[in-house]
Amino acid sequence: MTDRPSRPVRVRFAPSPTGSLHIGGLRTALFNYLYARRHGGSFILRIEDTDQKRFDPTALQTLMEALQWAGLQWDEGPEVGGPYGPYVQSERLAIYQQWANWLVENGKAYKDFNANTRPADVPFDKEARKQAYREKAARNEPLTITPPSCRDLTPDEVAEREARGESYVIRFKMPQSGETIVQDYIRGEVRFDNQTQQDAILLKEDGYPTYHLAHVVDDYLMQISHVMRANEWLPSYPLHAQLWWAFGWEMPIYVHLPVMLNPNGKGKISKRNPPKDKFGNIIPVMVHDYIAAGYLPEAMVNFLTNIGWNFGDEREKFTQAEAIERFDLDRINEANSAYPVEKLQWLNGEYIREMEPLELAKRLKPVLEKAGYEVNADFLLKVVPLVQTRIKSLNDIIPMAGFLFREEFIPATADLLIQKKMDAAQTAMALQRSLEILSALKDFSTAALQEAIQPLTESLGLTNSQLFGVLRVAVTGQTISTPTFETMDILGQAVSIARLKQALETLRSSLEKPIPA
RNA sequence: GGCCCUAUCGUCUAGCGGCCUAGGAUGUCACCCUUUCAAGGUGAAGACACGGGUUCGAACCCCGUUAGGGCUACCA
């Protein structure tokens, strides 16, 4: 098989709007998008909102925001429209009902009136669910209501029960013997024994379709050429294939993508059990958390493209345009992968470092403003070179250089001011002498500061690290900060000197205090 | 429990029967640079899950075991 498509490429991303976009969903969308662009095809966004219980009115907007942030513009779908709309499934109910009835009329599906045999709610939690299945199996109880007794009702019986106003669902008549052989682009042929299959519900009691029906009908009507979806759908693929065959429609190519697992490889990455990094920090799962955390869309896209697929040439860093040029289905991995967050950190840092300072400033501005700082563009541009190699995410600028944008200054305590192998008296002396020099300075530029202060290390018998460290903490209030002289330059002479004096005061009062026992 | 998928350094991956004494990246560690933190430079440690086949030859093909993941809903 080759991934040269035999018909116009039309792929879709079909999320269920239950919240913000999941990071795994973004990757699925991305693979679809890359493939569409690679072959000059169309990328379609379809909203699968057929579960009224999980309806979230804000989700659609958030979802589209996330896709747009990542630069995945859809050619057809909500807002942009298209020739095969509507693209929201809840607006297509009549279509699904029509086709469900067509299946019934043609003997491929049937009305099931046994609403009272509906199984109790399946536990949502994965472990609990698994446990429930195990227990049922141990008691030799049927796991589900198979086979439903309405499968072989006569037309008269059906008409009679319908006339009585009994509610029903429409179930698919799955073949009860033989096997269903399906083709997955990545895995090849997969076989399922039909005896292990059940008659899935296509149309619910409320008239809404299930995913199974809706996606087949829509993919047909929208002329989808490739169904690229997460591999958790593989077990229901035989159902879907049988549906295509029952309708007599030409099937698209199905591509079951590997999924992303928690960083420790245990379980699918999920927001319900948020994964943690090695420091115990929660790793975001939703795209919006990454936006809020200051990740760059270009880094995110690069990162995600590298999981389950790789660029080749041993290149880790590439643009989306470059990825489009050589994206192919044949090199998609079949195995799931643990979510490698640390690579995202690294890549994000790489993108920050190679960015034009002006561009970085533009992206940093809203972050600072969100933190409550007023930002002068020229001033920010002076700060950018000092933070560019030091931040891995946009938000890192707050702890690193937030003090430059704050009105109020939080002075350091004496123990922070005192550097390694120094005492309070020595530190005070260093500050005193520095103050004398700096007060007299006419030129307060980085180079001049360096030149003026440097000789002091020798006369005080200190290392650069010690003396500059004292000044750093005095001026920034932090032990980790932007470089000392550059920072003083930006802060200006008056502010710098005021802070040095303040530090000196802190040390003097600590010297006067009796040493605690 | 049943069914399905998967298995190369900690992690993401290259490899598609001889180019493999298994390559890259990240992470880790060491050293250099150094004004803290970074960045940068140099280097090190680190993997074909296991057992059978097939073959002159196997990380690559087949079978089994083990492990992981998924599905088993009137959720997608």
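What you see is a predicted model, and the numbers here were worked out from it, not measured in a lab. Residue numbering restarts at 1 for every chain, and letters A, B, ... go by the order of the sequence lines.
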Test side-chain hydrogen bond (donor to acceptor under 3.5 Å, both in side chains) on A/Q197 and A/T180; report intermediate values, then the result. CA-CA 10 Å; A/Q197 302 293 312; A/T180 301; over 6 Å; no

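Side chain A/R390 to base B/rU36: a donor-acceptor pair is found below 3.5 Å. A donor-acceptor contact under 3.5 Å is formed by the side chain of A/T484 with the base of B/rU35. Counting distance only, with no hydrogens placed and no angle test, the side-chain atoms of A/Q131 and the base atoms of B/rG1 include no donor-acceptor pair under 3.5 Å. You won't find any donor-acceptor pair under 3.5 Å spanning the side chain of A/S16 and the base of B/rA76, going by distance alone. Taking only distance into account, the side chain of A/E316 meets the base of B/rG24 through a donor-acceptor pair shorter than 3.5 Å. No donor-acceptor contact under 3.5 Å links the side chain of A/K268 to the base of B/rG68.
Between A/K392 and B/rA39 there is a side-chain polar atom (N or O) within less than 4.0 angstrom of OP1 or OP2. In this model, the phosphate group of B/rG69 is not approached by any side-chain N or O of A/N336 to a distance below 4.0 Å at OP1 or OP2. Regarding contacts with the backbone of B/rU13, a side-chain N or O of A/S337 is found under 4.0 angstrom from either OP1 or OP2. Within the structure, a side-chain polar atom (N or O) of A/N310 is placed less than 4.0 Å from OP1 or OP2 of B/rA14. The phosphate of B/rU13 has OP1 or OP2 within less than 4.0 Å of a side-chain N or O from A/N333. Under 4.0 angstrom from either OP1 or OP2 of B/rU72 there lies no side-chain N or O belonging to A/R134. Regarding contacts with the backbone of B/rC4, every side-chain N or O of A/R187 stays at 4.0 angstrom or more from both OP1 and OP2.
Counting any heavy atom pair closer than 4.0 Å across all strands shown, A/D193 reaches no nucleic acid atom. The residue A/G308 sits close only to the backbone: its heavy atoms come under 4.0 Å of sugar-phosphate atoms, none of a base. Note on A/K130: a base of the nucleic acid sits closer than 4.0 angstrom, heavy atoms only. Residue A/E334 is in sugar-phosphate contact alone, with no base atom involved, counting any heavy-atom pair closer than 4.0 Å across all strands shown. The residue A/S465 sits close only to the backbone: its heavy atoms come under 4.0 Å of sugar-phosphate atoms, none of a base.
For A/Q89 and B/rC75, the CD to C1' distance is 13 Å, given to the nearest whole Å. Between A/N302 atom CG and B/rU26 atom P there is a gap of 12 Å when expressed in whole angstrom units. Atom-to-atom, CZ of A/F192 to C1' of B/rU72 comes out at 12 Å; the value is rounded to the nearest Å. Between the P atom of B/rG27 and the CZ atom of A/F303 lies a distance of 12 Å, rounded to the nearest Å. Separating the NZ atom of A/K111 from the P atom of B/rC74 is a distance of 19 Å, rounded to the nearest angstrom. One can place CD of A/Q198 at 8 Å from P of B/rC74, the figure rounded to the nearest angstrom. For the pair A/I352 CD1 and B/rA38 P, the computed distance is 15 Å after rounding to whole Å.
For B/rC75, the base is not stacked against the aromatic ring of A/Y211, per a cut-off of 5.5 Å between centres and 30° between planes.
When side chains are defined from C-beta on, A/F318 counts as touching A/N306, because their heavy atoms get closer than 4.5 Å. By the 4.5 Å heavy-atom criterion applied to side chains, A/H256 and A/V190 are not counted as neighbours.
Enclosure of atom CD in A/E356 is not indicated, since only 12 or fewer non-hydrogen atoms of other residues, nucleotides or ligands lie within 6.0 angstrom.
For the P atoms, the distance linking B/rC3 with B/rC16 amounts to 35 Å, nearest Å.
The two residues A/G207 and A/Q97 come nearest to each other via the heavy atoms O-NE2, 2.9 Å.
Along RNA chain B, the nucleotide nearest A/T196 and the nucleotide nearest A/T479 are compared for position; the residue whose nucleotide lies closer to the 5' end is A/T196.
Judged by distance alone, the side chains of A/D49 and A/S90 do bring a donor and an acceptor atom under 3.5 Å apart.
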